[in-house]
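Worksheet for the structure shown next.
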Amino acid sequence: QSTWEHLGFKNHLPKMLDGATSIPESKDVTRIDRIGAHSHIRGLGLDDELEAKTRGQGMVGQLAGRRAGGIIVQMIKEGSIAGRAVLLAGPPGTGKTAIAMGMAQALGNDVPFTMISGSEIFSLEMSKTEALTQAFRRSIGIRIKEETEIVEGEVVELQIERPATDPHNATAGKAGKMVLKTTDMETVYDLGQKMIDALGKEKVQAGDIITIDKASGKISKIGRSFSRSKDFDAMGATTRFVQCPDGELQKRKEVVHTVTLHEIDVINSRAQGFLALFAGDTGEIKPEVREQIEVKVAEWREEGKAELLPGVLFIDEVHMLDIECFSFLNRAVEQPNAPVIVMASNRGISTIRGTEYQSPHGIPIDLLDRLMIIPTVPYSKSEILDIIKIRCEEEDIEMEDEATMLLASLVGKTSLRYALQLITTASLVAQKRKSSVVEIEDVRKVYNLFQDLTRSAEFLEQHEELFMFHTKGAATTAAGPPADAMEDDDL
């Protein structure tokens, strides 16, 4: 059995692929990419020496934090860091999540990157430790290597013969021969019914370069041979010419599959196997299943069939975890195959959830001692201007310099997140008056329409008695003025 079959893919994947072949092909597809809060980030914005650029790859400012993040990324790529945890600590709106997203972009798609929030651990229909365990195993990849035999060559001649009894019956049994060649050899292959159908489906003809997977019988057409480039019927807009293969016709090719340990857990713990990955909530997984998988993975690593890829687990709002979760992290972070844990917190000295004790960032002291802490600081005014301009470019909005300066000045009175949210709303106001450029009056209008935290709090303090369940002053039975303030006629 191949390593891939041990994972449970053999029984379920072919069925899924067979069903996919009946879906009609769509030629015109319009892709809509929604613009998110961090969709403009392409990386950490570092040079080859891991020095942070003032502005690069969508990142602005936080030079020391980005440089530290780049060192962590480099250590992860080299595989020289394991059982480590990093804390991004700073006030709200200082780019902690942005640095984590930049690290994810810098690592690429090969390294698993899992992002969770501290509060979502308590909303899942499973124990807290099980939710964290699944998050850990989603962040650990395994690269499985397999060798498969293929036949690769140029089709010299293709003959398909039908029975002489009924040559017009296409459903009758067919047979044929195909001549394949490389630069070094040439061989004749006898064709059966299934192989002929596969060749017809791919529209293979003489002069094509093809590959045949001996295990599955799948035929792939690579292109046309350069020797047929002068053929009149071979020319077309999509025709691709390739060199005739050299060496032996039969070759061994290495195929690499990358999955996470959590995916292997789900496949081996659910009756529906591979399709269980698409079912949403996977539920709790028995420890016995994970122990068997750990033994099998260890065997594959000793045989050179598999390679572990410890990735990154990013826990945002880590102060929302309780003391039980922190105790689990203390043990899990020191396991040999643990991913790199990146946490983010905007709390100062606060109470540890589940206890009456206070600690920096709401994290127990024994866990803080295991963390490498990366501080983030508030942005300067010039950096805020750059961030606003980057967001305008990302959202394809043209804004006057005066409007941009007004938004930057609002950050000091409100917050960076509030100012960035006014960009889109101001653009809609500008479109309403049939203008493609956002002016300063548009920003002022949306500023008056949408309150920030400070103005909302001031309004509550002035009119608190009008709201229900307020804590200041005398309680009233309804949302209205006190009874003694009513007129006699109202009574």
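The figures here come from the full heavy-atom set of this structure, side chains too, leaving out hydrogens, waters and symmetry mates. Remember, it's a predicted structure, so these values are computed and weren't measured experimentally.
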(message) Minimum heavy-atom separation for Met103 and Ile72, please, with both atom names.
(response) CE-CG2, 3.8 Å

(request) Taking the side chain as every heavy atom from C-beta outward, state whether Arg290 and Arg137 have any pair of such atoms under 4.5 Å apart. (result) yes

(request) For residues Pro339 and Gly311, report the shortest heavy-atom separation together with the two atoms involved. (result) CB-O, 3.4 Å

(message) Taking the side chain as everything from C-beta on, heavy atoms only, tell me whether Ile142 gets closer than 4.5 Å to Arg301.
(response) no

(request) Indicate yes or no: does Glu303 engage Lys305 in a salt bridge with an N to O separation below 4.0 Å. (result) yes

(request) Could you check Ser225 against Asp208 for side chain to side chain donor-acceptor pair (under 3.5 Å), going step by step and ending with a plain yes or no? (result) CA-CA 6 Å; Ser225 173; Asp208 288 338; over 6 Å; no

(message) If I compare all heavy atoms of Asp184 with all of Asp246, which pair ends up nearest, and what's the gap?
(response) OD2-C, 4.1 Å

(message) Would you say Glu294 and Gln292 are linked by a side-chain donor-acceptor pair, where the criterion is simply a distance under 3.5 Å?
(response) no

(request) Taking atom types as modelled, find out whether Glu154 and Thr182 have a side-chain donor-acceptor pair closer than 3.5 angstrom. (result) no

(request) Determine whether Leu191 and Leu158 make a side-chain contact, defined as any pair of heavy atoms from C-beta on separated by less than 4.5 Å. (result) yes

(request) Might you point out which heavy atoms bring Ile374 and Gly69 nearest each other, and give the distance in Å? (result) CD1-N, 4.2 Å

(request) Quick one: closest heavy-atom pair of Leu416 and Gly93, and the distance? (result) CD2-O, 3.9 Å

(message) What I want to find out is whether Arg433 reaches Glu439 closely enough, with some N-O distance under 4.0 Å, to be called a salt bridge.
(response) yes

(request) Flag the pair Met178 / Ile212 as yes when at least one side-chain heavy-atom distance between them is below 4.5 Å, and no otherwise. (result) yes

(request) Taking only Lys NZ, Arg NE, NH1 and NH2, and the carboxylate oxygens of Asp or Glu, determine whether Arg67 and Glu51 approach each other closer than 4.0 Å. (result) yes

(request) For residues Tyr379 and Gly61, report the shortest heavy-atom separation together with the two atoms involved. (result) CE2-CA, 4.5 Å

(message) Closer than 4.0 angstrom, basic N to acidic O: yes or no for Lys296 and Glu299?
(response) yes

(message) Can you confirm whether the side chains of Glu130 and Gln134 place a donor and an acceptor under 3.5 Å from each other?
(response) yes

(request) Report yes if the side chains of Arg370 and Val333 come closer than 4.5 Å at any heavy-atom pair, otherwise no. (result) yes

(request) Would you please say whether a donor-acceptor pair under 3.5 Å links the side chains of Gln250 and Lys214? (result) yes

